[in-house]
Amino acid sequence: MKHFISKGIIIIMALAFGYNINLMAKGKKSKPNIVILFADDISAREFPIYGSKVWSKPTGGDTTDPKYRAHTPVMDQMANEGVWIKTAWAATVCSPSRAMMMTGRYAHLHKWWNNGDLGKSDAPDGSKQKKQVYPFYESTEYTIGAVAAKGGYNSYWAGKTQMKGNNLLKYSFDEGCFTPGEQGAPENPYTDFAVVNAKRDGKKVVVNKDNGKVVDYYAQSGWYWKPHVRLMNHPDTKGGLTWWPNTPETKKEFGLNTYGPDVELDFIFDFMDRKKNDKKPFLIYHTTHLGHDGWDFFNTDAKVKSKWPSTPKIEWKNGKYTRTKPNITGDKGVYNTHGTITDVGIHNHINYIDYQVWQYLNKFEELGVADNTVFIICADNGTSGYGKNSPVMQKGTHVPMIIYAPGFNFTKHGEQDILVNIADVLPTIAELGGVTFPKDYEVNGVSLWPYLTTKTTKHRDWIYAYRKDAQLIRGEKVMKDGKDNWYDVSGSPDDLISFPKITDWGKVSEVHRAERKKLEEILPRFDLHDKEHDAPVNK
């Protein structure tokens, strides 16, 4: 692998990451740049470094077939040379996980309990009859964007937001590039790759706009091929949210061969280029769609429906990636890809993440910031068709996490058998940026930097997750899932989930029983779904 991988970059895969300003990389006095790459719907088992005996097949569900195994040479090397976290937890599904990531807090504070179960607050006009989704910028003073602003960063937000009913302009990011997904964006004038709600013969149906056919699916904008893209506060626009393509040249080039994840990264790199001469560091919050299943506009008549559309073809050879330029032709549901894109499946999405991580590393080298950049990569919940939205065992919560920082003074390397929560990301970012919280401000995450840079052997005693009114909690010996089942987690099952269920507490050690008692005492503090579901009345 090229020399840039052994330079000083910190990458946290599905991880929270910490930094002590008194322990700057190689004696540097400037604040580090921060990049958070937050992947979508990817369980820890999908990453080869975790060694699971089973992973996901293209149609969803389990397989042991090696042809569906992801290939991640860049991230594998970073995991081995840096650290990777054995047990990192998110929430069980997108919205509450993104709330946890963005705020460093649990649902008892931000009130996003589950997809479709979001706390409400009074409408901005004060009307008591009309309610709105309780936005983070009202519940939480220290969001990622706000911490970036307080820390003096140039900030950029790209990809999927999952901020239903929220004003994206109020999250304190300087600029952004969004593939709207299901965020309720207005109709895009540049692409018909969308699955929309409609009426046919007086009945509610879902229609593929590309070919006009009724489909058995859910409404969504196409965020992969021929994507729906909006820019936020781009300097070539008048500000606010505007559609892209937005110039004669980009309108001419835009089409079937335009791939959403590439567009996001192009705009991120453009932002870095424009800010490289500023004296302020940059913070990138890249919430990629990669890993999320979606409507496959190129294979609508396939007999076997894949959950994950194809990506551009890439190849790892001689320590570098090469990418095949897509050549897709056709219209209205009939397409020829000319062999220039991959087969379907989540493994190809993960491969493409590895390719984009490689591109990031090259960009850091090009800008001369490789030894002063913190790069955090995380997933928001378990894989669709396996763990997503599941409260059973840790299927929905267990996500990958890798931290790579050869330019910094890490005291650990390789596998780390500790407990980490993605709520830990925000306080880690705050520590990196020199931002401190008021003493009376509740943050549920814990900065990882002390663990990574000192001789301490423990990060935290327990981790927590939630799904509506179900609570999950895990210590070092025992775990309670959202079905109120308890498990002995002192071992390491080869599928990462098949822990022995505890049915007779007399047959486990006193240490197990004591930890269970401790975890049960913690849960009532967060168990407010039924009692305090919505925003405080005095907000």
Side-chain angles (χ1 to χ4, degrees), residues 10-17 34-50 52 55-56 69-72 74-76 78-79 84-85 88-102 144 157-162 177-179 181 223-224 227 259-265 268 284-294 307-309 311 314 345-361 375-389 395-404 420-425:
I10 303 177
I11 292 194
I12 306 173
M13 179 88 51
L15 160 78
F17 184 53
I34 302 171
V35 178
I36 308 157
L37 178 53
F38 199 22
D40 207 348
D41 297 356
I42 300 178
S43 293
R45 75 173 193 168
E46 313 298 347
F47 278 73
I49 194 67
Y50 280 81
S52 175
W55 45 89
S56 294
R69 196 58 163 138
H71 179 61
T72 55
V74 176
M75 295 186 289
D76 288 354
M78 291 189 295
W84 60 280
I85 307 302
W89 269 21
T92 64
V93 75
C94 305
S95 291
S97 260
R98 288 164 194 278
M100 189 193 299
M101 168 66 79
M102 184 75 90
I144 288 177
W157 185 6
K160 174 184 180 181
T161 69
Q162 198 82 21
C177 169
F178 305 128
T179 45
W223 47 76
Y224 291 122
Y259 190 59
D262 291 334
V263 174
E264 295 163 8
L265 204 59
I268 289 170
I284 309 297
Y285 185 42
H286 185 181
T287 50
T288 177
H289 277 96
L290 285 167
H292 199 292
D293 58 6
K307 295 174 69 64
W308 297 277
T311 76
I314 55 172
I346 192 173
H347 61 296
N348 284 314
H349 283 222
I350 296 168
N351 295 346
Y352 211 77
I353 290 174
D354 198 64
Y355 164 65
Q356 290 205 318
V357 168
W358 178 78
Q359 289 180 287
Y360 266 117
L361 301 185
F375 186 179
I376 303 173
I377 309 171
C378 314
D380 63 349
N381 50 255
T383 304
S384 178
Y386 162 70
K388 182 176 181 176
N389 213 16
K395 292 175 69 172
T397 61
H398 189 203
V399 291
M401 183 175 294
I402 298 171
I403 310 171
Y404 181 67
V420 175
N421 192 283
I422 63 167
D424 299 344
V425 172

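Just so we're clear, the structure is a prediction, and the values are computed from it rather than from any experiment.
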All heavy atoms of T288 vs all of A39, minimum pair found to be CG2-CA, 3.7 Å
Can a side-chain donor-acceptor contact be found between R98 and T161 if the only test is distance below 3.5 angstrom? no
message: Just so I know, are the side chains of D380 and M101 near enough to count as touching, which here means a heavy-atom distance under 4.5 Å?
response: no
dist C94:SG -> D41:CG (nearest 0.5 Å) comes out at 4.5 Å
| message | A side-chain contact here means heavy atoms from C-beta on lying under 4.5 Å apart; do Q356 and D262 qualify? | response | yes
Closest heavy-atom pair, Y285 versus F38, reported as atoms and distance to 0.1 Å, is OH-CD2, 3.7 Å
query = For the residue pair H289 and H292, does the interplanar ring angle fall in the parallel (under 30°), tilted (30 to 60°) or perpendicular (over 60°) class?
reply = perpendicular
Worksheet item: Are D293 and S384 linked by a side-chain donor-acceptor pair shorter than 3.5 Å?
Response: yes
To the nearest 0.5 Å, atom CG of N348 lies from atom CG of L290 at 10.5 Å
Contacts of A44 meeting side chain to side chain contact (heavy atoms under 4.5 Å, CB included) (sequence neighbours excluded), chain-then-number -> Y50, H398, P400, L496
Closest heavy-atom pair, I346 versus E46, reported as atoms and distance to 0.1 Å, is CG2-OE1, 4.3 Å
Subject >> Side chain proximity check, K160 to W223, heavy atoms < 4.5 angstrom >> reply: no
Hits for ring pair (Phe, Tyr, Trp, His ring centres under 6.0 Å) against Y259, two or more places apart or cross-chain, chain-then-number order -> W225, Y352
dist I268:CD1 -> Q359:CD (nearest 0.5 Å) comes out at 10.5 Å
Residues S97 and I422: closest non-hydrogen pair is O-CD1, 3.6 Å
Correct closest heavy-atom pair for I49 and A79 would be CG1-CB, 3.7 Å
Here the pair of heavy atoms bringing W308 nearest to S56 is CH2-CB, 4.4 Å
Residue set satisfying side chain to side chain contact (heavy atoms under 4.5 Å, CB included) with H347, at least two apart, ordered chain then number -> P58, Y68, A70
d(I402 CD1, T72 OG1) to nearest 0.5 Å is 7.0 Å
- prompt: Can we call the ring centroids of W55 and Y386 under 6.0 Å apart?
  reply: no
Rounded to the nearest 0.5 angstrom, the OG1-CG distance for T311 and N351 is 7.5 Å
d(L265 CG, Y360 OH) to nearest 0.5 Å is 5.0 Å
